[in-house]
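To start, the structure under review is shown below, and the notes come after it.
Computed from a predicted model, the values in this text were never measured in an experiment.
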Amino acid sequence: FFKQKTAYEIPKRDWSSDVCSSDLDASDEMFDLEETTAHELTEDDLWQPFSQFEPELPSERLQVIDDFADKVEIQRLFGMSVLCKHGDYTGKLGTQLSAKFVRTWRKKTRLQHDVDGHVVSSQQGWLRRSRLVAREYNWLDVRDDVYSPSSSAAIVKLLPALCMSESFCETSVLGTLDIGDAFLQVPQLVPRVVRLGSDDYVILRCLPGQRDASKLWYQFFEEKLQKLFGATVCKEQPCVLKVERKVAMVMHVDDILFLGEQSWINNVFLPGLEKEFRLTSTVVDRTTGGSFEFLKRLHVVEANYEKLTVFSESKHVHTLWERFEKVNGKAAKMSKTPCSVTPNGSSSEMAELLSEGMAAEFRSLVGVAMYISQQRFDVQFSVKTLASSLKQPTMSSWRELGKLIGYLKQSENYALEMNKVVKGSSFLETLNGACSNDEQRPNCLETFSDADWSGSGNQRSTSSAVH
C-alpha cells in the first residue's frame with residue numbers, strides 16, 4: 001500500500017544506465033573502479049537495509065563509503081558526457097564554477113540481475129548516493145535571467161480537484177513523472193571549468209546548484225513538450241501546461257504531476273517522453289486505483305476514483321517533537337487543539353523573554369511549522385500567531401509552541417481527503433446531495449474567507465483567513 005514506486009538499478013559495476021561500455025573504457029585513465037572495488041569497496045557497501053529512518057553509521061566508515069560514492073559519481077558524469085578533462089577541451093570557456101559533492105541516503109528499490117540481465121530479486125533499501133552540485137553564490141549583483149516557474153501548495157491541488165470532478169476530461173487518471181538527471185541533459189550556454197581535488201575539468205552541461213539551471217531546464221523541457229505534443233503554457237501559472245484535452249501537467253523542476261486520458265497517456269505521452277529522457281512514471285489505473293508520491297506526499301486513490309487521500313510526510317513532525325524535547329527538558333504534552341483560546345500563562349511568563357539560545361531554536365521550529373502548515377489548514381492560525389512573536393519570543397510563546405507540537409504529534413496521521421463530485425457543483429450542493437448531472441455545467445471555483453474582527457484580546461487586531 002505504501003510501497004515506494006521509484007526504482008534505482010545498479011547492475012554490477014554499471015553505475016548508470018546512461019553509461020555504455022565504450023564510455024567506461026574511455027574513462028579508464030581517470031578512475032579504474034573495477035580495480036578499486038576489488039581491493040576496497042563494492043556496490044554492496046553503498047546499500048543499507050531498509051528502515052523507517054535513515055541509517056546511522058560510524059563517521060569513519062561513512063567517510064570511506066562517501067569517498068567511493070564520489071568516484072562513482074565522477075565516472076557516471078564522464079559516461080554521460082557531462083564532464084571532460086580540461087586538456088581535452090579546445091572551445092570557448094566561461095567563468096570558473098565552484099562545485100562540491102553532496103552525499104545523501106535515498107530510499108530506493110534495488111534490482112539484482114542474473115548473467116542474462118533478468119531481474120532475479122527486488123528489495124527496498126537505503127542507497128548512499130553522491131551527486132556533484134554547483135556552488136554558485138548569490139552575490140550583490142542583481143540577475144534577471146534566473147527566474148524559473150515553480151508550483152505552489154495551491155497549484156499542486158489543482159489537478160486532483162479537476163480529476164475528482166472530471167472537469168478536464170471524462171474518465172481521467174492521475175500520475176507522476178520523475179525525469180532522471182534532468183539538469184545534466186541541458187547544455188551549458190558556455191562550458192565552464194570546475195576544480196575537483198587537484199584536477200581541472202570542463203562542465204559541458206548544467207549542474208544542480210547553478211543559479212540559471214532551473215530556468216534552462218524549464219525552457220529545455222518546455223521546448224521538448226511543444227515539439228513532441230504541441231503543448232501550451234498557462235500564462236497565469238507557467239508551471240502548468242496542457243496538450244489540448246489529452247493531458248495537463250504541473251511542473252516542479254524535474255517532478256511532474258499529470259492528469260489526462262489513460263489510453264493516450266499510456267500509448268502516446270509516456271512512450272514519446274521515454275524516447276527523449278530517462279524517466280520513472282506511475283499511472284493510477286481508473287478501475288483499480290492505486291497510489292503515487294509527489295513532492296514527498298503520498299496520494300492514495302480508491303477504485304473508480306471515488307476518493308483521493310493525500311498524506312503529508314511525518315518526518316517534520318518528528319523533528320519538531322524531538323528538538324522541542326531536547327531544549328525544553330521534557331516532551332510536549334499531547335493536545336487536541338493547536339492553540340489556546342485565550343493567552344495562556346501568567347503575566348510574568350508573557351513578559352519574560354527567551355534566552356538567546358532558546359529564541360534561536362524557537363525561530364527555527366516555527367519555520368518548520370510554517371512549512372507543515374502549507375498542507376495542514378487546521379494549524380495555520382496557530383502558526384501565524386507564533387510567527388508574530390519571532391522578533392521577541394517569550395516564555396508564553398514557547399508554551400504555545402509546545403501546545404502546537406503536541407497537537408501535531410497527536411494528529412500526525414491526519415490527511416487531506418477529496419471525494420468524487422459532480423462537475424460544476426458547489427460545496428453546499430455536494431454537502432446536501434443537491435447536485436444535477438448536467439454535462440453542460442461550467443466549472444465552479446469557490447473560495448471561503450473569514451475574519452475574527454478584533455479578536456485579539458491584547459492588541460485588538462483582526463485575523464483573516466482564505467482557503
Side-chain angles (χ1 to χ4, degrees), residues 1-7 109 151 155-180 221-222 224-234 237 239-252 254-295 297-311 415-425 435 437-444:
F1 185 66
F2 289 92
K3 184 178 180 182
Q4 190 79 6
K5 291 291 183 182
T6 56
T109 300
S151 64
I155 291 299
V156 168
K157 300 182 183 68
L158 173 64
L159 298 193
L162 290 173
C163 180
M164 300 309 292
S165 60
E166 295 187 352
S167 298
F168 181 72
C169 62
E170 293 184 3
T171 62
S172 56
V173 296
L174 289 166
T176 59
L177 281 176
D178 181 15
I179 310 293
F221 189 67
E222 178 198 345
K224 288 288 185 181
L225 291 175
Q226 291 178 347
K227 180 180 178 181
L228 293 172
F229 312 112
T232 57
V233 179
C234 175
Q237 285 287 346
C239 66
V240 179
L241 304 93
K242 73 170 184 176
V243 179
E244 299 177 345
R245 287 284 176 167
K246 300 293 185 181
V247 68
M249 294 161 278
V250 171
M251 284 186 60
H252 187 89
D254 59 347
D255 294 317
I256 299 164
L257 176 67
F258 60 80
L259 161 74
E261 294 181 359
Q262 184 169 355
S263 60
W264 191 84
I265 288 172
N266 290 330
N267 299 325
V268 180
F269 183 62
L270 293 180
L273 289 177
E274 287 171 349
K275 293 178 181 178
E276 301 288 338
F277 303 100
R278 183 173 62 85
L279 55 86
T280 302
S281 62
T282 301
V283 180
V284 180
D285 184 76
R286 183 77 189 181
T287 304
T288 61
S291 64
F292 63 88
E293 285 191 14
F294 184 67
L295 301 183
R297 297 175 179 90
L298 179 66
H299 296 64
V300 181
V301 184
E302 291 190 359
N304 300 314
Y305 277 67
E306 292 293 331
K307 183 167 68 175
L308 168 65
T309 308
V310 184
F311 295 90
L416 174 66
E417 184 177 287
M418 304 175 72
N419 292 302
K420 186 176 181 179
V421 297
V422 177
K423 176 183 175 181
S425 58
C435 304
N437 291 317
D438 183 4
E439 296 182 357
Q440 303 301 319
R441 293 184 66 175
N443 291 333
C444 177

Worked verdict on L295 versus H252 for side-chain contact (heavy atoms from CB on, under 4.5 Å): CA-CA 8 Å; L295 301 183; H252 187 89; 3.4 Å; yes

Verdict with reasoning, F258 to V283, per side-chain contact (heavy atoms from CB on, under 4.5 Å): CA-CA 9 Å; F258 60 80; V283 180; 3.8 Å; yes

Stepwise side-chain contact (heavy atoms from CB on, under 4.5 Å) check, V301 with D285: CA-CA 9 Å; V301 184; D285 184 76; over 6 Å; no

Chi angles and distances behind the side-chain contact (heavy atoms from CB on, under 4.5 Å) call for H299, L308: CA-CA 7 Å; H299 296 64; L308 168 65; 4.0 Å; yes

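Checked against V173 for a side-chain contact (heavy atoms from CB on, under 4.5 Å), the options V247, I265, N266 give a single hit: I265. Here the options are T232, L257, I155, the test is side-chain contact (heavy atoms from CB on, under 4.5 Å), and the partner is V240; only I155 passes.
Considering only heavy atoms from C-beta on, F277 stays 4.5 Å or farther from L177 through its side chain. At a threshold of 4.5 Å between non-hydrogen side-chain atoms, the residues F229 and K246 do not count as touching. Looking at heavy atoms from C-beta onward, D254 lies out of side-chain contact with F221 at the 4.5 angstrom threshold. Residues E222 and V233 form a side-chain contact, since some pair of their non-hydrogen atoms from C-beta on lies under 4.5 Å apart. K423 places a side-chain heavy atom less than 4.5 Å from the side chain of N443. The shortest side-chain heavy-atom distance between V156 and R297 does not fall under the 4.5 Å cut-off. Side-chain atoms of T282 and D178, non-hydrogen and from C-beta on, never get closer than 4.5 Å to each other. A heavy-atom distance below 4.5 Å is not found between the side chains of E261 and T171.
Annotation for E244: atom CD does not count as buried by contact number, only 12 or fewer foreign heavy atoms lying within 6.0 Å.
A distance-only check finds a donor-acceptor pair linking the side chain of Y305 to the backbone of L174 [under 3.5 Å].
Minimum heavy-atom separation, C239 to S151: SG-CA, 3.8 Å.
Taking K307 as the reference, E302, E417 meet the salt bridge (Lys or Arg N to Asp or Glu O under 4.0 Å) condition, with sequence neighbours excluded.
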